[in-house]
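Input: a single structure, listed below in structure tokens.
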Amino acid sequence: MATPAPACPDVLFTAVRSADGRIRDLLVREGRIAAYDPAEPPEGCVTVDAAGALALPAPVDAHIHPDKSTWGGPWLSREPADTLRDLIEGDVRARTAFADPVAERAGALMDRAIARGTRAMRAHVDVAPVHGLSGVHQVRAAADARKDLIDVQIVAFPQLGLLSEPGTAELMEQALSEGADVVGGLDPIGIDGDMDGQLDFVFGLAGRRGAPLDIHLHDGGPAGIRQITEIARRTVAAGMRGRVTIGHAFAVAELEGAELDSLAELLAGAGVCLVTCALGADPVLDPARLTPRGVRLGVGSDGVRDAWTPFGDGDMIARAHMLAYRTDARTDAELAACYEAVAQGGAALLGLPASRLEAGDPADFVLVAADSLPEAVVDRPIPSMVVRAGRVIARAGRLV
Ligand SMILES: [Zn+2]
């Protein structure tokens, strides 16, 4: 009786275009990049023909709101809104009327993101008395059902205010025990009107639970700068370098020249990460200006087809394009910097191992029809294949 061949954990991707334009064979072993152009492909290994497609490190969505999304459901008509408060109230009204459960809508959006190459996402999920912890529980369930396809971190996000919405602080604490990984915050001055009060709470909770912190900060101008400066000070004092993120940070995006240099130096020194979503008319953080100054920058979708916005599609290659367009990227270096922020910036922000397509890296990459990274950022191709730990999990925009 013949002995069955042992399972081969090796996969050879043939005709892969690398960043320098060369066409090479790429060997993956046990989920990691093993070698390029191996002299002898291992006997019996699986072969996948990349057909000359360009390999890019898989993108990361560093800021998304799956609980709010209508993805996969009927079209939602948005109400006019003039202020952040109008948007927040419109969001609550819309969500209480949604027929589909959170897990279904969030899961549909995750599937879309996975099929477009996203290897990991940081999901900000509303925690408020009106919603309780149902969003956290259901987004966790949707993520658990896809744990072999995507890494999902959940931020307990006080969308309606933290100190200004009684009952939220207790729920935030509970959320960390029931599926949330990260402590969220929201405009300590603009929403709560109490910078030290909100920061005392979120830094305290993050410290007690050993959790990272990720604060939405729309506040611009001097109030925004004051909060960013205080967050940086507290980050260093709490020994949380690399574990504190400020989302949007419009106040940083508004700065130029020496003012930008000195704030960038402060953020880099404190190890505070920033996230931009390159949204509509909002100020956008420019990777070509910030990353050379040592500031860690990730990129996210923010809301996708929710009560806040009809836009967004969970595609982080398309988001790199939007970031490049909004920051007026023109040179190859500027275009590449936008994708670097999406892929490497996002991975660092989420604490994931980098996937630079070098030997030893996780084999998490996308294959796209483009000759170079700058061309891919401009063309926004749908990945012909999405590869996670060496396994093809999507082809031509569809999960396999
Ligand atoms: Zn957000």
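We count ligands from 1, going down the list as the structure has it; atoms in each ligand are counted the same way. Count residues from 1 along the sequence.
- More than 12 heavy-atom neighbours from other residues, nucleotides or ligands sit within 6.0 angstrom of CD on E254.
- Looking at D364 and R391, no side-chain N of the basic residue comes within less than 4.0 Å of a carboxylate O on the acidic one, giving no salt bridge.
- Computed with the Zn ion (ligand 1) at the centre, the H65 NE2 to H63 NE2 angle is 100°, stated to 10 degrees.
- Residue H248: no N/O/S atom is found under 2.8 Å from the Zn ion (ligand 1).
- Here D302 contributes OD1 and H216 contributes NE2, and at the Zn ion (ligand 1) these two atoms make an angle of 170°, given to 10°.
- Ion pairing between D111 and R146 holds under the 4.0 Å rule for side-chain N and carboxylate O.
- For H137 and H131, the ring centers are positioned 6.0 Å apart or more.
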